[in-house]
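Because only heavy atoms are used, hydrogens play no part in the values below, and waters and symmetry mates are left out as well, while side chains stay in. This chain uses plain numbering: 1 for the first residue, then up along the sequence. All figures in this text were calculated on a predicted structure; none of them were measured in a lab.
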Amino acid sequence: QVRLVESGGGLVQPGESLTLSCVASGMLFSSYAMGWYRQAPGKQRELVAGITPDGIRNYVESVKGRFTISRDYAKNTLNLQMNSLKPEDTAAYFCNSRSGRFSWGQGTQVTVSS
């Protein structure tokens, strides 16, 4: 059974940084393109960053230059380094495969507010 456990969220001020982590179990982590998604209240979940098994990254325009996605195969972990955070980045953040094929974890809340 696949399990995705996100952590690292919190309350930060605009301009600050956070690093999110997602530990994956029950799956062959190295085989999947993975992604970080976010969902703000009243909005649809959106993919903000993706990474292929061989390390090709892509980002939604709104986070380019500020967010960096990475993966650690030894730890089956997906990371998201978020810099220069803005209030509009406030959302619950989730990880999943790029196709969203697995059951969603509980997510981790990121709140950017002064």
* For the residue pair Arg66 and Leu85, what are the closest heavy atoms and their distance? -> NH1-CA, 3.8 Å
* Asked: Of Arg57, Met82, Gln81, which meets side chain to side chain contact (heavy atoms under 4.5 Å, CB included) against Phe67?
  -> Met82
* Does some side-chain heavy atom of Leu18 sit less than 4.5 Å from a side-chain heavy atom of Val110? -> yes
Only distances under 3.5 Å count here; give the side-chain donor-acceptor pairs of residues 99-108 to other protein atoms, sequence neighbours excluded, each with its distance to 0.1 Å.
{"unit_1": "Ser99", "atom_1": "OG", "unit_2": "Ser97", "atom_2": "OG", "d": "3.2"}
{"unit_1": "Gln106", "atom_1": "NE2", "unit_2": "Glu6", "atom_2": "O", "d": "3.0"}
{"unit_1": "Thr108", "atom_1": "OG1", "unit_2": "Gly9", "atom_2": "N", "d": "2.9"}

* **Co-membership, hydrophobic cluster, residues Leu20 and Val5, 4.5 Å side-chain** => no
* Would you give the length of the straight line joining atom SG of Cys95 to atom CE of Met34, rounded to the nearest 0.5 angstrom? => 5.0 Å
* Check Thr77 against Ser21 and note the closest heavy-atom contact, atom names and distance. => CG2-CB, 4.2 Å
* State, with a plain yes or no, whether a side-chain heavy atom of Arg45 is found less than 4.5 Å away from one of Phe94. => yes
* To do: Applying side chain to side chain contact (heavy atoms under 4.5 Å, CB included), run through Val12 and Thr111 and close with a yes or a no.
  => CA-CA 6 Å; Val12 296; Thr111 302; over 6 Å; no
* salt bridge (charged side-chain N to carboxylate O under 4.0 Å, His left out) contacts in which one or both residues fall within residues 74-88, not counting sequence neighbours -> none
* Among the clusters formed by ILVMFWY side chains lying less than 4.5 Å apart, do Tyr37 and Met27 turn up in the same one? -> no
* To do: Establish, from distance only, whether the side-chain atoms of Arg98 and Asn58 form a donor-acceptor pair under 3.5 Å.
  => yes
* Structure fact -> Looking only at heavy atoms, the pair that brings Val2 and Gly26 closest together is CG2-O, 3.4 Å
* To do: Report whether Ile56 and Tyr59 are members of the same hydrophobic cluster (ILVMFWY, side-chain heavy atoms less than 4.5 Å apart, transitive linking).
  => no
* Kindly give the heavy-atom pair with the smallest separation between Ala40 and Ala91, and that separation in Å. => N-CB, 3.8 Å
* Heavy-atom distance under 4.5 Å between the side chains of Ser31 and Pro53, does that happen here? -> no
* Structure fact -> Shortest non-hydrogen pair, Ser84 vs Ser17, comes out as N-OG, 4.3 Å
* From Asn79 CG over to Ile69 CD1, what is the distance, rounded to the nearest 0.5 angstrom? -> 9.0 Å
* To do: Answer yes or no: is there a side-chain heavy-atom contact under 4.5 Å between Ser30 and Leu28?
  => yes
* Asked: Hey, what do you get for CG (Asp72) to SG (Cys22), rounding to the nearest 0.5 Å?
  -> 12.5 Å
* Asked: How many angstroms lie between atom CG of Asp89 and atom OG of Ser62, to the nearest 0.5 angstrom?
  -> 7.0 Å
* Residue pair Leu80 / Thr19, side-chain heavy-atom distance below 4.5 Å -> no
* Asked: Does the side chain of Arg38 come under 3.5 Å of the side chain of Tyr93 through a donor N or O and an acceptor N or O?
  -> yes
* To do: Kindly indicate whether the side chain of Leu78, heavy atoms from C-beta on, has any atom under 4.5 Å from the side chain of Trp36.
  => yes
